[in-house]
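A quick write-up on the structure given underneath.
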2 protein chains.
Amino acid sequence: MGITKTQIFDKKQNELAQFFKILGHPARIAILQHISTQNSCICNDLVEEIGLAQATISQHLKELKSIGLLKGEIEGKSMCYCIDIDRWKELQKLLNGFFNTTKENCC
Amino acid sequence: MGITKTQIFDKKQNELAQFFKILGHPARIAILQHISTQNSCICNDLVEEIGLAQATISQHLKELKSIGLLKGEIEGKSMCYCIDIDRWKELQKLLNGFFNTTKENCC
DNA sequence: TTTTATTATCGTAATATTGCGATATATAAA
DNA sequence: TTTATATATCGCAATATTACGATAATAAAA
C-alpha cells in the first residue's frame with residue numbers, strides 16, 4: 001500500500017493525472033508564474049524570489065522539465081529556464097479536453 | 001521537512017496547486033470520467049468499476065468533494081455522487097486563467 | 001591553474017499519500 | 001426487531017513527496 005495502482009488505469013488517465021500532480025505544488029506554480037514575468041531567461045533568481053533552498057528549487061525545476069513544460073539552456077555558468085510554449089498549449093488543450101468531455105450527469 | 005511550505009506562497013497559488021493536486025491521481029480522474037458517463041446517479045458501482053477497495057474509493061470521493069467537484073446525495077440506502085457542473089466550470093475557468101496568463105518568455 | 005559562482009545530485013529526515021481491513025453508522029428489507 | 005446492504009471512518013503499513021545540507025560537476029573569471 002501507499003503506492004498508486006497505476007496498472008489498473010489506462011495510459012491517458014495516468015498521463016493526465018501525472019500532469020495535474022506536477023502542477024499540484026505551490027512552488028511549481030510560483031516558478032512558472034515567475035518565469036513567465038521575466039523578459040529574459042532566468043535561472044537562480046528563483047532561489048531568492050521563492051525562498052526555498054537551491055537544492056529544492058532545482059528538484060522542482062526537474063519535475064517541470066519532466067513533463068516538458070520547461071526547457072533549460074546553458075547560459076554561461078548559469079542556466080536559462082524557459083517555458084516551452086508549444087508543450088504548454090498542448091497540455092492546456094489536453095486538460096480542456098478532459099474538462100469538456102466530462103459532463104454533468106444528474107442531481 | 002517533507003512538509004510543503006504553504007506559508008511562503010499566496011492564497012491563489014495554494015488554491016490552484018491544491019486543485020491540481022487533487023486531480024493528480026488516476027483513480028480520481030477515473031472516478032470523474034465514470035460518473036460523467038452515467039445517465040443516472042451512481043454510487044458504489046465505482047468499487048467494481050475501478051477495482052479499488054471500498055474504503056479507498058470512499059476516501060477519493062471525499063477529496064473530490066473537498067474541492068467541490070462532486071456533491072453527494074443520499075439515495076435510499078446508497079449514495080448518489082454527481083458532478084457539480086457550476087463548480088466544474090468555475091475550476092476550468094480558474095485553470096485556464098492560469099494557463100493564459102502564464103506566457104512564453106524567451107528561448 | 002586556481003578561484004569563484006551556478007546548478008545538479010546524493011543522502012537523509014520529516015511529513016503526506018495511498019490503500020486496505022476492520023469496524024461503525026445508517027437505511028431498507030424481511 | 002433482525003438482517004442485509006451501502007457508505008464512512010479509523011488505524012495501520014508501505015511508499016512517495018518535500019525540503020535541505022553537503023558535495024559533485026561545470027564553466028567563467030582571475
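Chain letters run A, B, ... following the sequence lines, proteins first and then strands; every chain starts at 1.
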Check: Once you round it to whole Å, what is the distance between C1' of C:dT9 and CE of A:M79?
Finding: 14 Å
Check: Starting at CG of A:L52 and ending at C1' of D:dT18, how long is that distance when rounded to a whole Å?
Finding: 9 Å
Next item on the list: Would you mind classifying the nucleic acid contact of A:I74 as base, sugar-phosphate or nothing, using non-hydrogen atoms under 4.0 angstrom?
Entry: nothing
Margin query: On DNA chain D, does the nearest nucleotide to A:Q18 precede the nearest nucleotide to A:A55 from the 5' side, or the other way round? Give the residue.
Written below: A:Q18
Check: For the side chain of B:R28 and the backbone of B:I22, is there at least one donor-acceptor N/O pair under 3.5 Å apart?
Finding: yes
Item checked: Separation of A:N96 CG from A:T101 OG1 (nearest 0.5 Å) -> 10.5 Å
Notebook entry, point to check: A:K21 side chain N/O closer than 4.0 Å to the phosphate oxygens (OP1, OP2) of D:dA16?
Noted result: no
Margin query: Rounding to an integer number of Å, can you tell me how far B:I57 CD1 sits from D:dT9 C1'?
Written below: 16 Å
Next item on the list: Measure from CD on A:E73 to P on D:dT26 and round the result to the nearest Å.
Entry: 19 Å
Notebook entry, point to check: Between D:dT7 and B:K62, is there an OP1 or OP2 to side-chain N/O distance shorter than 4.0 Å?
Noted result: no
Next item on the list: Go through the N and O atoms of the side chain of B:Q59 and the base of D:dA8, and report whether any donor-acceptor pair is under 3.5 Å.
Entry: no
Next item on the list: Indicate, with a heavy-atom threshold strictly under 4.0 Å, whether B:S78 touches base, sugar-phosphate, or nothing.
Entry: sugar-phosphate
Next item on the list: Look at the side-chain N and O atoms of B:H60 and state whether any lies under 4.0 Å from the OP1 or OP2 oxygen of C:dT17.
Entry: no
Next item on the list: Give the nucleotide from the list D:dT7, D:dA16, D:dC20 with an atom nearest to the side chain of B:S58.
Entry: D:dT7
Next item on the list: For A:E63 and D:dT17, give me the distance from atom CD to atom C1', rounded to whole Å.
Entry: 8 Å
Notebook entry, point to check: Is the distance from OP1 or OP2 of C:dC20 to the nearest side-chain N or O of B:T56 less than 4.0 Å?
Noted result: yes
Margin query: Pick the closest DNA chain C nucleotide for B:G24 and for A:L61 by heavy atoms, then say which residue is nearer the 5' end.
Written below: A:L61
Notebook entry, point to check: Nearest-Å distance, CD1 (A:I22) to C1' (D:dA16)?
Noted result: 13 Å
Check: With a 3.5 Å cut-off and just heavy-atom distances, do the side chain of B:Q54 and the base of D:dA6 make a donor-acceptor pair?
Finding: no
Check: Rounded to the Å, how far apart are A:E48 CD and C:dT6 P?
Finding: 10 Å
Notebook entry, point to check: Within less than 4.0 Å of OP1 or OP2 of D:dA8, is there a side-chain N or O belonging to B:Y81?
Noted result: yes
Check: Can you check the A:K77 NZ to C:dA5 P distance for me, whole Å?
Finding: 7 Å
Note to self: Ring-plane angle category for B:F99 and B:F20, please: parallel below 30°, perpendicular beyond 60°, tilted otherwise.
What the structure shows: perpendicular
Checklist line | Mutual orientation of the aromatic rings belonging to B:H60 and B:H25 [parallel < 30°, tilted 30-60°, perpendicular > 60°] | finding: tilted
Notebook entry, point to check: Would you find more than 12 non-hydrogen atoms of other residues, nucleotides or ligands less than 6.0 Å from A:E48 atom CD?
Noted result: no
